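This report refers to the structure that appears directly beneath it.
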Amino acid sequence: MLQFRRIVFSVASALALAAPVYAGKLAIVIDDFGYRPQTENQVLAMPSAISVAVLPNAPHAREMATKAHNSGHQVLIHLPMAPISKQPLEKDTLRPDMSSDEIDRIIRDAYNKVPYAVGLNNHMGSAMTSSLYGMLKVMQALERYNLYFLDSMTIGNSQAMRAAQGTGVKVIKRKVFLDDTQNEADIRVQFNRAVQLARRNGSAIAIGHPHPSTVRVLQQMLPTLPSDITLVRPSDLLNEPQSDTSTPNFSQPAKPSAPRNPFRGVKSCKPKQPPEPVYATRFFTVIGESIGESTLVKYVQQQWQGWGKKS
């Protein structure tokens with residue numbers, strides 16, 4: 001047995017030395033597509049791992065979703081959801097008090113307007129996503145269309161993960177907003193923060209918007225992405241461990257009052273609470289699992305068992 005332990009230790013040491021530095025996975029999603037084709041085309045010229053979220057009722061929604069798909073980018077539906085604050089709402093904004101049939105109709109309509117979509121994330125939505133009652137109906141609808149849900153985390157107590165339990169819908173979470181301000185220095189800070197979170201936690205999702213300042217920062221910083229960081233699509237993170245720190249919320253916020261003025265333009269999704277803390281434990285877990293499941297270690301175990309039988 002002692003000899004076997006020595007062999008396994010030697011194999012593990014060799015694997016650790018031979019393996020590259022553990023790479024953090026970084027997914028970047030650019031929201032609000034469909035309004036600014038000129039700037040959005042600059043995003044589509046970036047690496048294909050950059051994903052885009054298209055507003056279904058935007059004037060160029062179908063055009064930009066098709067262009068993104070043809071350029072190799074992953075497409076999401078950027079669906080308006082009711083915020084807690086009172087502000088003008090887009091057509092077909094999801095509200096917690098809507099019936100299941102109405103929510104299904106809106107999601108079906110959005111699915112038809114945004115071709116090639118494989119996922120959906122919320123535009124605004126602090127009132128909707130914090131309602132378990134409302135999000136249960138959303139998850140039931142998403143399951144019909146085989147869409148995953150990227151929670152933009154515009155509120156800390158989002159019920160999305162809780163509502164998805166028992167359905168086939170997978171939920172992932174945004175960790176960083178790149179452009180709460182459109183100051184390029186601030187955007188660089190947020191980009192570097194996303195890199196650090198990906199490195200420490202194994203993965204991170206950053207959301208930005210097609211502002212000229214955001215595009216410039218991404219054009220400058222993506223080519224110099226650290227070698228231990230891998231750019232991935234959001235769907236590549238669907239099987240990553242996710243933590244749910246929410247508390248159940250069955251209450252239904254009051255129905256938002258009808259806006260006095262029609263919707264004019266689109267506002268960025270901004271968080272209402274700071275993101276949850278991230279802990280640097282994932283590296284050791286991944287290394288341990290990788291060694292334990294490696295072909296070489298399994299081969300050594302089989303050989304050792306064979307030697308034991310012969311002796």
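Owing to the predicted nature of the structure, the values given are computational and were not obtained by experimental measurement. Positions are given from 1 along the sequence.
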Q: Rounded to the nearest 0.5 Å, what's the gap from CD on Glu90 to NE2 on His123? Could you check?
A: 5.5 Å
Q) Under a 4.5 Å side-chain heavy-atom rule over Ile, Leu, Val, Met, Phe, Trp and Tyr, are Leu225 and Leu178 clustered together? A) yes
Q.
I'd like to know if the side chain of Asp179 and the backbone of His209 have a donor-acceptor N/O pair within less than 3.5 Å.
A. yes
Q: Sequence neighbours left out, what pairs pass salt bridge (charged side-chain N to carboxylate O under 4.0 Å, His left out) with at least one residue falling in residues 116-128?
A: none
Q | Exceeds 12 heavy-atom contacts within 6.0 angstrom, atom CG of Asn146 | A | no
Q.
I need the full list of side chain to side chain donor-acceptor pair (under 3.5 Å) pairs touching residues 49-65, with sequence neighbours left out, sorted by first then second residue.
A. Asn57-Lys113, His60-Glu63
**Q.** With sequence neighbours excluded, residues passing side chain to side chain contact (heavy atoms under 4.5 Å, CB included) with Asp236
**A.** Val232, Arg233
Q | Qualifying salt bridge (charged side-chain N to carboxylate O under 4.0 Å, His left out) pairs, either residue in residues 140-152, two or more places apart | A | Asp104-Arg144
(Q) With heavy-atom distances below 4.5 Å as the criterion, would you say the side chains of Ile50 and Leu231 are in contact? (A) yes
Q. Between Gln190 and Val176, is there a donor-acceptor pair closer than 3.5 Å when you use the side chain of the first and the backbone of the second?
A. no
Q. CD/Gln182 to OG1/Thr214 distance, rounded to the nearest 0.5 angstrom?
A. 6.5 Å
Q.
Checking the side chain of His73 only, and the main-chain atoms of Leu44 only, is there a donor and an acceptor separated by less than 3.5 Å?
A. yes
Q) Are Val189 and Phe191 joined in one hydrophobic group, where the rule is that I, L, V, M, F, W and Y side chains link up if heavy atoms are under 4.5 Å apart? A) no
Q.
Ignoring hydrogens, what is the shortest heavy-atom contact between Val169 and Ala164? Give both atom names and the distance.
A. O-CB, 3.7 Å
Q: Only counting residues at least two apart or in another chain, list the ones meeting side chain to side chain contact (heavy atoms under 4.5 Å, CB included) with Pro223.
A: none
Q) Does Leu238 share a hydrophobic cluster with Ile205, counting links as ILVMFWY side-chain heavy atoms below 4.5 Å and allowing steps through other members? A) yes
Q: Sorted by first residue and then second, give each salt bridge (charged side-chain N to carboxylate O under 4.0 Å, His left out) pair with at least one member in residues 211-227; sequence neighbours left out.
A: Glu184-Arg216
Q: Just jot down the salt bridge (Lys or Arg N to Asp or Glu O under 4.0 Å) partners of Asp92, sequence neighbours excluded, or say none.
A: Arg105
Q | Exercise: identify the closest heavy-atom pair between Leu79 and Ala110 | A | CD1-CB, 3.9 Å
Q.
Ignoring hydrogens, what is the shortest heavy-atom contact between Ser203 and Leu237? Give both atom names and the distance.
A. CB-CD2, 3.8 Å
Q | Pairwise distance CD1(Ile155) to OG(Ser130) - rounded to 0.5 angstrom | A | 4.0 Å
(Q) Do Met221 and Ile229 land in one hydrophobic cluster if side-chain heavy atoms of ILVMFWY residues count as linked below 4.5 Å? (A) yes
Q: List for me each residue that meets side chain to side chain donor-acceptor pair (under 3.5 Å) alongside Gln220, sequence neighbours excluded, and say none if there are none.
A: Arg188
**Q.** By side chain to side chain donor-acceptor pair (under 3.5 Å) - contacts of Ser246 (at least two apart)
**A.** Arg162, Asp244
Q) By side chain to side chain donor-acceptor pair (under 3.5 Å), which residues pair with Tyr148, not counting sequence neighbours? A) Gln74
Q. Can you check whether Pro96's main-chain N or O pairs, donor with acceptor, with Lys137's side chain at less than 3.5 Å?
A. yes
**Q.** Taking every non-hydrogen atom, the tightest pair across Ala82 and Arg95
**A.** CB-CG, 4.1 Å
(Q) Taking ring pair (Phe, Tyr, Trp, His ring centres under 6.0 Å) as the cut-off, I'd like each qualifying pair that reaches into residues 80-115, sequence neighbours left out, listed once. (A) Tyr111-Tyr145
Q) Who are the side chain to side chain contact (heavy atoms under 4.5 Å, CB included) partners of Thr39, not counting sequence neighbours? A) Arg36, Gln42, Pro210, Val215
Q. Can His78 and Asp32 be counted as having a side-chain donor-acceptor contact under 3.5 angstrom?
A. yes
Q: Say whether Lys170 and Asn239, considering side chains only, have a donor N or O and an acceptor N or O under 3.5 Å apart.
A: yes
Q. Is the shortest distance from a Lys or Arg side-chain nitrogen in Lys25 or Glu240 to a carboxylate oxygen in the other one below 4.0 Å?
A. yes
